[in-house]
Peer 1: 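Structure in structure tokens, see below.
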Amino acid sequence: MEQNNKLLEVKNLVKIFVIGSGFVRSKITAVEDVSFDLKSGKPEIFTLAGESGSGKTTLARMILGFIPPSSGSVLYKGKEINRLNGREMELWFMREVQPVFQNPFETFNPLKKVDSYLYETVVNYGIANKKNAFKPIDEALNLVGLSLQEVSGRYPHEFSGGQLQRISIARALITKPALLIADEPVSMVDASLKMSICNLFKELKEKQGVSIIYITHDLATAYYVSDRIAIMFRGNIVELGSVEKILTDPKHPYTKILRDSVPEPDPERKWQGRIELSSFEEKEYQSRGCKFAGRCPYVMDICKSKMPEDILVDGRLVKCYLYTPNLNKAIV
Amino acid sequence: MTILKTENLKAYYITEIFGIKRIVKAVDGVSIDINNNEIFGIAGESGCGKSTLIKTLLGIVKPPLTVLGGDVNYSIDDKRFNILSLSPRELKNIRWEYISYIPQSSMSVLNPVRRIRDSFKSFINAHKKIEKKEFKNLVEDHLNALGLPVEVLNAYPHQLSGGMRQRVTIALATILKPKVIFADEPSTALDVVVQRGVIQLLKDIQEEQKNTIILVTHDMAIHANICDRIAIMYAGKIIEDAKTEDIFKHPLHPYTKYLIGSLPKIGDKSYKVSAPGSPPPLSNLPPGCSFHPRCPYTTERCKKDIPSLVEVDSSHRVACFLVSKEG
């Protein structure tokens, strides 16, 4: 195996969806040139944050190998995941990288007992045969604060959303993965139980050494759980760096607007000023330059014609011409 | 001045299949007073009965939902009525003109194959006979007042962005200047930036028309931003209601304390604890206080008796034996 100190490397990943056929064909660039990496040896929680339609779920699906990228590559422990040869390697990758889905009520078939999913995972990944499955399942459930005794023989409707999400995470942990990809794991969980799932992720990182890619639109929980964050907008990462820096002092104009729109749970810190919204569905996907140019208060001519490069500003990457040196620009 | 008052309102879902009777106590003894010219927030987790409460307050009571006790008394201007005793015809006259409703999903209100203009037309014509010119003025003035472009009238719903659609729905619900507006999770399905725009619009309407908005959402941060008073609902009951500042600064009920204490904030990485356990199913509530299995301060009394909502401070009511020292 080639020497590599990266757990996951995403290189210039692109996904273009073609909609319709014949004369009414149109292309949507869901993910446009995304690159980032996670180091191995040092587990971290990496957040992909963005609004609906920013391409975060498509990106996650490509990292999991569910859909092939249009171009670019995903390397897991130095291996290109779309070129894994043989069943053996595929199983290895699937064991190492596990998904956690958004809606726990949709993850489980309501007519099947919950524990059947756990047994299936054990058998399908060849961890143990059905007779010896008890131990790995119970261990995984213990990690999320449950036990097989509590879960055994019960149907999904007998659990609350929070418990089901825990079982869903336990299922992912059975294969002892090094990386979890959790797509909006708390958005369907009750408010009073949300933080317990967030705490569980932190615990998994610290005690089990599992890295997590946490995908969310909720910046407040992102701030709470994650180490680094990537803000996505229309298929691009516009700002990437430590969560403290980006959310307390955003640099990209889009991140600023996003940050200012997050309501604070504090009646003394209400929203200040007003915002303007666009009226009609915008064709932001099709613009060639910066996708945010149409809404940006600091827009310049160059923004509309050419995509900006990533620039290192104050320890984080920002994709904006405002920070390009030697360019005539409006004052930030 | 009180515009809406309920006393010990009980609305249960009662079903009987093959002789097995099932009772879901979705609204179980709710007493609230909502004042004129205020934004009243109702907060609670999914499945705590907040949508059923809204339905009952709106007078949409159809089997299996059954009202077992209590009235829903409105006093709008000089009209006084109990919405639960009105005939369907009277209800139709009151809805939209006096009492209006903003749903979560705008697509369930706007007809996808008709222009926005036609939706406005059918809305208004159901209540008023007006001339074409008068209609144009009324609608355009209203849209201008809300800061929405008049061109949306010629658009089909799919041509509008999600936020615009939701704002058009709000414009539609407020065109007849209703006195009471119910908004059920109006911004939940929207992106953060758009959510802010929608909430801003609701606030503008309230300030301009001086009416009452009853805002239901599970997002406490939205409540903090626009509500004057908040009621916290748990397992079909109101367990605490107070001014927004009091709920956030001095929550009294243990459940409210957990709820407020576990809210994540940007700039605050301190450890947050969620309430232990999970909310009980409404069809099988524990005896006594429904929160007692999850409460760290449970006493013997909590397991037997149900605490009533009592005033502990000026306009701060709590249903908890710990705080109320009742009995």
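Side chains are part of it too, since the values below use all heavy atoms of this structure and drop only hydrogens, waters and symmetry mates. Numbers restart at 1 for each chain; the letters A, B, ... are given by sequence-line order, proteins then strands. Predicted model only: the values in this text are computed from it and were never measured.
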Peer 1: With a 4.5 Å cut-off on side-chain heavy atoms, are L219(A) and V192(B) touching?
Peer 2: no
Peer 1: Using a 6.0 Å cut-off, check whether atom NZ of K42(A) has over 12 heavy atoms from anything other than its own residue.
Peer 2: no
Peer 1: Is there a side-chain contact between E245(B) and E268(A) (heavy atoms, below 4.5 Å)?
Peer 2: no
Peer 1: Look up atom CD in E264(A) and atom NZ in K265(B), then write down how far apart they are to the nearest 0.5 Å.
Peer 2: 8.0 Å
Peer 1: Taking Y224(A) for its side chain and K272(B) for its backbone only, find out whether a donor-acceptor pair lies under 3.5 Å.
Peer 2: yes
Peer 1: Is the backbone N or O of S52(A) less than 3.5 Å from a side-chain atom of D191(B), with the two atoms forming a donor-acceptor pair by type?
Peer 2: yes
Peer 1: Any donor and acceptor pair, going by atom type alone, linking the side chain of N199(A) with main-chain N or O of V273(B) inside 3.5 Å?
Peer 2: no
Peer 1: Using a 4.5 Å cut-off on heavy atoms from C-beta on, say whether the side chain of D219(B) contacts that of P265(A).
Peer 2: no
Peer 1: Check whether any side-chain heavy atom of R269(A) sits under 4.5 Å from a side-chain heavy atom of N225(B), and report yes or no.
Peer 2: no
Peer 1: Tabulate, in ascending numerical order, the residues of residues 46-54 of chain B having at least one heavy atom closer than 4.5 Å to a heavy atom of chain A, or enter 'none'.
Peer 2: S46(B)
Peer 1: Can you give me the closest heavy-atom contact between D268(B) and Y223(A), atom names plus distance?
Peer 2: N-CE2, 3.3 Å
Peer 1: Scan T244(B), D228(B), I247(B) and name whichever one has a side-chain contact (heavy atoms from CB on, under 4.5 Å) with P267(A).
Peer 2: T244(B)
Peer 1: Enter the distance from I260(B):CD1 to D266(A):CG here, rounded to the nearest 0.5 Å.
Peer 2: 10.0 Å
Peer 1: Considering all heavy atoms of both residues, which atom of G267(B) and which atom of T248(A) are nearest to each other, and what is their separation?
Peer 2: CA-CG2, 4.3 Å
Peer 1: Do any of residues 142-157 of chain A come closer than 4.5 Å to chain B, heavy atom to heavy atom, and if so which ones, in number order?
Peer 2: none
Peer 1: In Å, rounded to the nearest 0.5 Å, how long is the span from NZ of K202(A) to OH of Y271(B)?
Peer 2: 8.5 Å
Peer 1: Just how far is it from atom OG of S262(B) to atom NZ of K194(A), taken to the nearest 0.5 Å?
Peer 2: 9.5 Å
